[in-house]
Protein chains: 2
Amino acid sequence: MNQPIHLKSAGLKSTLPRIRVLNLFESSDEHHLSAEDVYKKLLATGDDVGLATVYRVLIQFEQAGLLVRHNFAGDKSVFELNQGKHHDHIVCLQCHRVEEFYDATIESRQNKAAAERGFTVQDHSLNIYANCIKPKCPNKPR
Amino acid sequence: MNQPIHLKSAGLKSTLPRIRVLNLFESSDEHHLSAEDVYKKLLATGDDVGLATVYRVLIQFEQAGLLVRHNFAGDKSVFELNQGKHHDHIVCLQCHRVEEFYDATIESRQNKAAAERGFTVQDHSLNIYANCIKPKCPNKPR
DNA sequence: GAATGTGATGTTAATGATAATCATTCCTAT
DNA sequence: ATAGGAATGATTATCATTAACATCACATTC
């Protein structure tokens with residue numbers, strides 16, 4: 001009786017694959033995982049889940065508000081637990097490490113810019129691509 | 001003798017497909033075009049160019065600094081002429097219309113946020129996903 | 001201005017990420 | 001425990017993009 005609460009209250013039936021995926025996100029130190037990441041990590045721990053199911057569960061979790069999707073470099077999507085507080089991201093081009101930040105001024109000026117032009121903001125994404133300093137950066141494209 | 005100047009000075013051999021693609025970007029009212037968009041528009045005008053060539057030319061133009069690539073909704077990339085001045089984008093979720101904006105305060109606060117965390121900014125992208133007002137919005141996913 | 005070699009092109013096949021299909025299996029309410 | 005519908009997994013399909021490779025075009029030399 002770990003996360004079934006979440007699943008139930010999110011309107012999702014409590015199943016083994018869903019519990020496993022949710023557990024993974026809650027226990028992993030890397031908060032940003034792609035479908036492939038999830039699939040491989042579950043394989044590694046013996047908690048096998050089909051790849052198609054991983055994709056489906058991620059979509060369901062996203063729609064249920066449990067996960068948030070990000071499209072960084074363009075090709076593959078990554079997901080992170082939705083902790084309620086919106087934030088933007090800095091992605092290291094070398095090691096792919098992701099750091100989060102929040103700037104209230106940026107947020108408000110975004111909304112202002114959109115409103116001035118007659119747009120109703122639904123969502124927004126701000127990603128900074130950078131190189132992080134040596135000690136922290138293993139310089140390995142994971 | 002239209003754009004060959006650009007191509008030459010960009011270190012690119014002046015060829016028919018490249019001239020056609022460049023002309024398209026310079027004459028199109030829609031400034032943001034995907035590879036598929038370019039391919040179809042050239043087909044429509046009879047200026048046939050192979051799809052693979054379109055992809056190659058877009059990459060070359062991007063590397064040469066003639067075009068800038070954006071990854072909006074996640075799946076496909078769109079390109080626009082590089083006019084030198086960086087800007088962010090507001091994308092209408094309904095009609096896919098793209099509007100540009102620039103906010104110096106946002107820019108500086110981004111750099112500040114990255115610097116404070118020990119990152120050397122290489123690039124950044126800020127996209128606002130919104131719905132635009134009726135008169136402007138044909139509400140058609142083009 | 002024609003030959004020539006390198007680089008560009010187009011067709012087609014391959015790739016990688018993701019979505020759809022469908023038969024089988026698992027929840028949950030009865 | 002059982003029935004019924006939703007969830008799963010294996011496989012196949014799809015979509016955007018890239019790779020291969022034989023052919024062809026540009027720019028330069030003669």
Side-chain angles (χ1 to χ4, degrees), chain A residues 1-22 24 32-43 46-64 66-67 69-79 96 141-142, chain B residues 1-22 24 32-43 46-64 66-67 69-79 96 141-142:
Chain A
M1 54 197 69
N2 259 333
Q3 281 70 37
I5 307 98
H6 292 159
L7 290 174
K8 283 279 182 60
S9 61
L12 292 170
K13 203 182 282 186
S14 180
T15 69
L16 213 53
R18 286 176 186 164
I19 293 171
R20 284 172 171 167
V21 171
L22 192 47
L24 176 60
H32 302 80
L33 302 173
S34 68
E36 195 69 22
D37 290 338
V38 171
Y39 179 67
K40 285 183 180 164
K41 289 203 179 228
L42 291 179
L43 271 188
D47 298 325
D48 266 46
V49 173
L51 181 57
T53 302
V54 169
Y55 274 100
R56 273 186 302 235
V57 169
L58 291 176
I59 292 172
Q60 293 159 350
F61 282 7
E62 183 195 7
Q63 292 174 337
L66 296 177
L67 294 178
R69 178 197 295 256
H70 300 292
N71 299 304
F72 291 148
D75 47 345
K76 54 177 70 168
S77 295
V78 298
F79 298 80
H96 287 190
R142 63 163 168 191
Chain B
M1 53 195 70
N2 258 334
Q3 281 70 36
I5 308 95
H6 293 158
L7 290 174
K8 283 279 184 60
S9 62
L12 293 170
K13 203 183 279 187
S14 180
T15 69
L16 214 51
R18 288 176 184 161
I19 293 171
R20 283 170 171 168
V21 172
L22 192 49
L24 177 59
H32 301 80
L33 302 173
S34 69
E36 195 70 22
D37 291 337
V38 171
Y39 179 66
K40 286 182 181 164
K41 289 205 178 226
L42 291 180
L43 271 189
D47 298 326
D48 267 48
V49 173
L51 181 55
T53 302
V54 170
Y55 276 99
R56 275 186 299 234
V57 169
L58 290 177
I59 291 173
Q60 293 159 350
F61 282 8
E62 183 195 7
Q63 292 174 337
L66 296 177
L67 294 177
R69 178 198 295 257
H70 300 292
N71 298 304
F72 291 146
D75 46 346
K76 56 177 69 168
S77 294
V78 298
F79 297 80
H96 287 188
R142 63 162 168 193

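The figures that follow rest on heavy atoms only: side chains count, while hydrogens, waters and symmetry mates do not. Residue numbers start from 1 in every chain, and the chains themselves are labelled A, B, ... in the order their sequence lines are given, proteins ahead of strands.
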Requested in this report: Could you pull out the closest heavy-atom pair between B/Leu66 and B/Leu12, with the gap in Å?
Outcome: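 Distance-wise, the nearest heavy atoms are CD1-CD1, 4.5 Å.
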Query - Contacts of type side-chain contact (heavy atoms from CB on, under 4.5 Å), residue B/Lys13, not counting sequence neighbours - result: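 With sequence neighbours excluded, B/Lys13 shows a side-chain contact (heavy atoms from CB on, under 4.5 Å) to B/Thr15, B/Arg18, given in chain and number order.
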Query raised in the report: Can you name the residues that form a side-chain contact (heavy atoms from CB on, under 4.5 Å) with B/Gln63, not counting sequence neighbours?
Result: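 Partners of B/Gln63 by the side-chain contact (heavy atoms from CB on, under 4.5 Å) criterion, ordered by chain and then number, come out as B/Ile59.
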Do any side-chain atoms of residues 47-57 of chain A form donor-acceptor pairs under 3.5 angstrom with protein atoms, and if so which ones, sequence neighbours left out?
residue	atom	partner	partner atom	Å
A/Asp47	OD2	A/Thr45	OG1	3.2
A/Thr53	OG1	A/Arg56	NH2	3.3

Query - Under 4.0 Å protein heavy-atom contact, by nucleotide of nucleotides 8-19 of chain D - B base, S sugar-phosphate only - result: BBBB----SBBB
**Report entry** Separation of B/His70 NE2 from B/His32 NE2 (nearest 0.5 Å)
**Finding:**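 Going from NE2 on B/His32 over to NE2 on B/His70, the span is 5.0 Å.
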**Report entry** Straight-line distance of B/Ser34 OG to B/Leu58 CG, nearest 0.5 Å
**Finding:**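 Reported value, rounded in 0.5 Å steps: 9.0 Å.
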Query raised in the report: Nucleotide range of DNA chain C contacted by chain A, 5' to 3', under 4.0 Å to a heavy atom?
Result: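 First-to-last contact on DNA chain C, by the 4.0 Å heavy-atom rule, is C/dA17 to C/dT28.
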Please write out the pairs of protein N or O atoms and N or O atoms of nucleotides 2-4 of chain D separated by less than 3.5 Å, giving the distance to one decimal.
none

Report task. Measure the angle between the two terminal helix axes of the helix from C/dG1-D/dC30 to C/dT30-D/dA1, five base pairs each, and quote it to 10°. Result ->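 The end-segment axes of the helix from C/dG1-D/dC30 to C/dT30-D/dA1 are tilted 30° relative to each other.
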Query - Partner residues of B/Tyr39 under the ring-ring contact (aromatic ring centres under 6.0 Å, His included) criterion, sequence neighbours left out - result: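 Checked B/Tyr39 against ring-ring contact (aromatic ring centres under 6.0 Å, His included); zero matches.
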Query raised in the report: So, do A/Asp37 and A/Phe79 sit near enough that their side-chain heavy atoms are less than 4.5 Å apart?
Result: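 In short, these two side chains do not touch, never coming nearer than 4.5 Å.
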Query - Within-4.5 Å side-chain heavy-atom neighbours: B/Asn71 and A/Asn71 - result: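 Sidechains of A/Asn71 and B/Asn71: no contact.
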